[in-house]
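Let me begin by presenting the structure, written as C-alpha cells, before commenting on it.
All of these numbers come straight from a predicted model, not from anything done at the bench. For the single chain, residues carry numbers from 1 onward in sequence order.
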Amino acid sequence: VAARIVQIIFGHYGVVTCLSRSECNITADCFIASGSADCTVLLWHWNARTQSIVGETDTPTPRATL
C-alpha cells in the first residue's frame, strides 16, 4: 500500500519539529499540537468524522497559537 497526501496545512513560518495529539479514540475528535523552529506551538482540531484537520471556515486554521 502506497502512502498518499490527503491534506496540506499551513500555519507555521518555520520547519515543524514536533507533533503530538490529545488522548482520543478513532470515533472521537481530538487536538493536535505542532511545534516549530519559529518558536510557536499551534493547536489544531482533528475531526474524527472527516478524518481531517478543520477550522472555523473552509480553510483549516489553528484554534490557538502559543
Original post:
In terms of side-chain heavy atoms, does Thr59 have a donor or acceptor partner in Thr61 at a distance below 3.5 Å?
Top reply: no
Original post:
Could you give the distance from SG (Cys30) to CZ (Arg21), rounded to the nearest 0.5 Å?
Top reply: 6.0 Å
Subject >> Within residues 33-53 or reaching into it, pairs that qualify as salt bridge (Lys or Arg N to Asp or Glu O under 4.0 Å) - sequence neighbours excluded >> reply: none
Original post:
Which heavy atom of Ser34 sits nearest a heavy atom of Trp44, and at what distance?
Top reply: OG-NE1, 2.8 Å
Subject >> Ile53-Phe10 co-clustered via ILVMFWY side chain contacts under 4.5 Å >> reply: no
Subject >> side-chain hydrogen bond (donor to acceptor under 3.5 Å, both in side chains) contacts touching residues 22-33 (sequence neighbours left out) >> reply: Asn25-Thr27, Asp29-His45
Original post:
Do any N or O atoms from the side chain of Ser36 and from the backbone of Val15 form a donor-acceptor pair under 3.5 angstrom?
Top reply: yes
Original post:
Is Ile9 reachable from Val54 through a run of hydrophobic residues whose side-chain heavy atoms are each under 4.5 Å from the next?
Top reply: no
**OP:** Applying side chain to side chain contact (heavy atoms under 4.5 Å, CB included) between His12 and each of Val41, Thr17, Thr65, Leu42, report the one that passes.
**Re:** Leu42
Subject >> Atom of Phe31, atom of Arg63 and distance for their closest heavy-atom approach >> reply: CE2-CG, 4.4 Å
